[in-house]
Amino acid sequence: MRFLLAGQPNSGKSTIFNAIAGYRAATANFPGSSVTYTLSRALIHGREVDVVDLPGMYSLTSASPDAGEAVRFVAEEDWDLIINVVDASRLERSLELTLQLLQLERPMVVALNMMDEAERHGMTIDAEALGRKLGVPVVPTVGRRGQGLKDLFRTALQAAHGGSAAGTGCFDKEVKTAVARVKNLLEDAGFQSRLPTTLVATKVLELDPYFREKVRQSAPQVENDLDAIIENLQEIHGWSADQVVSGCRHAMAHTIWDAIGQLGRPKVGWRERVDRLLLHPWSGGPLMVLILSTVFYLVFGVGRLLEAPLVGWFDGMQAVMEGRFPPETLAGAVLSGVFLGVAGGLTIVLPYLLPFLIALAVLEDSGYLPRMAYILDNLMHRIGLHGKSVLPLILGYGCSVPAIMATRILESKRDRRITAALASFIPCSARTIVIYGLVAAYLGPLWALGIYILNLVVIMVIGRVLSQFLKGRSPGLILEIPSLALPTVKTMVAKTWLSLKEFLIIAWPVLVVSSLVLALLECFGAGAFLNDALTPLTVWTLGLPAAVGMTLIFGVLRKELTLVMLVQAMGTNQLDQVLTNEQLVVFTLFVVFYVPCAATVAAMARELGWKDTAWISGLTVVVALVLSVAGRMVFAVI
Amino acid sequence: MTTLDTVDVLRKTRVVFIEGGQGVGAHLNTLGIHVGDCLEVVERAPFRGPVLIEINGTRLALGRGVACRVRVEAIEDRPVVPAVRAS
């Protein structure tokens, strides 16, 4: 049996999903935090059920790329029941999607989620009355605290064996007639679909490209008649057909809300007061700078606190080990390769990665990211984008892969291409570790901050240039700003663990194996050969020791590798003793900017195609070279 | 009649018309903004930045380019005192 969790963005689908499936789907407090679906098998009241967490969709219309995936899943995959997760505090608007889901005429249950938020907004909702109006069970829930979830899934199990929802047909007379005409036309033409014809007819009237294409494929002869019906509807109302249908649904939702809900006086608490400051025309910007610099210094401070004792401890161990097994012997090379891989992950990567992931999780779950999009909209316009692009870019500080996938929340292809290109330049947590571990640790935090600022300036320049070359429609910022929320410790721990697991399970073994391979290559003299081949880049262009050549090659696998391999290649944890300040900065600059890691390249190819991926990767190398050489020149002058 | 990018902050207004192609109109529709709906501009970012509007308890950020396409009319003379300030 398979249940779908469907609902509007930020209604808490992933939270409910995680409550029964364990923390698998990353949750966050901004619309569009899940852009792809997550599937898990869960045991519900003793029965095994597949549960699918769909990306949020405002409407069952496929026009927007973020909803496309969800609509396709609902239309083409097999499933038994929909759990429509509804944000009770935005009930009236959410009902517009519910009304469309009812048209699927399949078993359905409504989870009236975030009841605590609704209460805070001064709303009282009669859930039973809503159930009677919709003709499907409605269960009040508070997903974040797990309230009502047992009841929800028990009801879902019962409903899955019960009858299907009946589509509601309270459209106005003209729309009803138009839907009936399209339906007849499709049925006469022998149109076949897994979905009810009434739903397809409504979607065709709403000018939905996905359903229109389906009709074109299986019944091309009705094209002209369809256009005539659509035109006729537009003539009667004076608006475009999609707005007419959507307007009718809006009115229906309003009527239902009027009958079952009441709006009292909203409670005003700390959230509203803080929000006023965060979004105020004059305090918003300075507060954003303050928040981000605090994050930067906290990560650095905590990282250094954790790093120092670990490095000392491992240095001692290394000395003892090298005394027994000299690195020139095969056994010594293998041991030191494995040891440095393990130690590098533990002493250099984790101390900075852990506080960084926690800080990012707090930013995501508090709901601050969409507020940054609002504040930075103006600035983003100057580089030819708009505020919504800020979301993927900020996520890029965590990992470039989800950042590039998050570009799906952007409406236009042009914006997606530019934002994905820029996101690949954002220093992800792996590159952040290189910045912290090399520049901040040896030259001081101000130098690291300088690299971040330089990175932002470069991104703005590239954005400005790209937006001149890539023409296309950019619709402007339209973004829901969710209420601020206090992140719970439980979610923070689960979320940080989810990201950390990625490092522990995938990255760390790669680190250890690569470190071992490097040690063996060096032991057999092959490393020197490869390093020699790279000297035109490493020594002549970048002014670095020849030994770093291999680290840059491995860095394409994962960027953390460059740092750990540097330790391995130089044979010491005290890198400032073997590299000058200039070399540390140039190395970092090159690593931060050149080709994003293999996983990012793959993600980019999936989202944008190989052609865009190739030129973006080429661009990163050129930018990395230019900046590194410029860095050398600056050091030569000072 | 005026547009959302120029209307007074905290004045209750009603949407009269949404200009522009299918894209913007449809997008605003899915977010709950239709002709005839009441909304108010809560905040306006400086230097021709976006506007923050509140509609049925939901807050939306609209870029100026979008806001200037939404034509509205005022439905009350005096600005409504928001709940935050009243407390």
Side-chain angles (χ1 to χ4, degrees), chain A residues 8 57-59 61 63-64 67 89-90 92-93 96-97 121-123 206-207 239-240 242-243 246-247 249-251 253 257 263 265-268 272-273 275-276 279-282 284-285 370-371 373-375 377-379 381 386-388 411-412 473-483, chain B residues 3-5 9-10 14-39 41-71 80-87:
Chain A
Q8 295 196 329
M57 49 182 162
Y58 282 108
S59 154
T61 300
S64 60
S89 67
R90 296 165 177 20
E92 191 181 328
R93 191 196 65 197
E96 292 181 35
L97 175 67
H121 279 81
M123 295 172 169
E206 281 188 82
L207 314 176
W239 294 338
S240 71
D242 62 310
Q243 287 203 30
S246 153
R249 209 178 281 125
H250 187 57
W257 160 248
L263 190 61
R265 202 179 159 73
K267 283 185 195 152
V268 178
E272 287 71 21
R273 286 174 231 276
D275 215 13
R276 265 196 72 78
L279 293 171
H280 191 272
W282 303 119
R371 283 161 177 83
Y374 169 79
I375 295 166
D377 180 54
N378 213 345
L379 187 73
H381 271 287
H386 61 79
K388 222 171 177 177
E411 295 84 10
S412 89
R473 194 178 59 91
S474 176
L477 175 70
I478 304 178
L479 179 67
E480 187 181 345
I481 310 284
S483 300
Chain B
T3 50
L4 264 190
D5 60 325
V9 170
L10 301 178
R14 182 181 291 124
V15 180
V16 180
F17 188 69
I18 300 172
E19 282 175 44
Q22 195 206 330
V24 172
H27 197 169
L28 290 177
N29 282 175
T30 60
L31 281 159
I33 302 180
H34 293 76
V35 172
D37 282 342
C38 298
L39 52 82
V41 171
V42 191
E43 206 73 83
R44 192 158 45 209
F47 311 116
R48 293 199 50 76
V51 294
L52 188 70
I53 64 159
E54 190 166 314
I55 176 165
N56 293 330
T58 309
R59 287 190 165 197
L60 299 172
L62 301 183
R64 281 292 163 109
V66 179
C68 72
R69 291 181 180 188
V70 182
R71 268 193 255 158
V80 178
V81 180
V84 177
R85 286 190 183 159
S87 66

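No hydrogens, no waters, no symmetry mates; every other heavy atom, side chains included, goes into these values. Nothing here was measured: the structure is a model prediction, and the numbers come from that model. Chain letters run A, B, ... following the sequence lines, proteins first and then strands; every chain starts at 1.
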Task: Flag, side chain of B/Glu54 to backbone of B/Arg59, donor-acceptor distance under 3.5 Å - done: no
Open item on the list: Out of the candidates B/Val24, B/Leu4, B/Asp5, only one should pair with B/Arg69 under the side-chain contact (heavy atoms from CB on, under 4.5 Å) rule; please name it.
Closed with: B/Val24
TODO: Side chain from CB out, backbone as N, CA, C, O: work out which of these in A/His121 comes under 4.5 Å of a heavy atom of chain B, or both, or neither.
DONE: side chain
TODO: Could you look at B/Val42 and say if it's the side chain, the backbone, both or neither that has a heavy atom under 4.5 Å from chain A?
DONE: neither
TODO: Give the member of A/Gly285, A/Pro281, A/Pro370, A/Ala251 that has the highest number of heavy-atom pairs under 4.5 Å with chain B.
DONE: A/Pro281
TODO: Select one option (side chain, backbone, both, neither) describing which atoms of A/Glu96 are under 4.5 Å from chain B's heavy atoms.
DONE: side chain
- [ ] Check each atom of A/Trp257 against the heavy atoms of chain B and say whether the ones under 4.5 Å are side chain, backbone, both or neither.
- [x] neither
Task: Rounded distance (nearest 0.5 Å) linking atom CG of A/Asp242 with atom OG of A/Ser59 - done: 10.0 Å
Open item on the list: Please rank B/Gly49, B/Gly36, B/Gly32, B/Ala61 by heavy-atom pairs under 4.5 Å with chain A and give me the top one.
Closed with: B/Ala61
Open item on the list: Quick check for you: among A/Met123, A/His386, A/Arg93, A/Arg249, which has the greatest number of heavy-atom pairs under 4.5 Å with chain B?
Closed with: A/Arg93
- [ ] Between chain A and each of B/Gly63, B/Ala45, B/Pro50, count heavy-atom pairs under 4.5 Å; write down the option with the most.
- [x] B/Pro50
Task: Donor on one side chain, acceptor on other, A/Tyr374 and B/Glu43, under 3.5 Å - done: no
Task: Salt bridge flag under 4.0 Å for residues A/Asp377 and B/Arg64 - done: no
Open item on the list: With rounding to the nearest 0.5 angstrom, report the CD1 to CG distance, B/Ile55 to B/Asp37.
Closed with: 4.5 Å
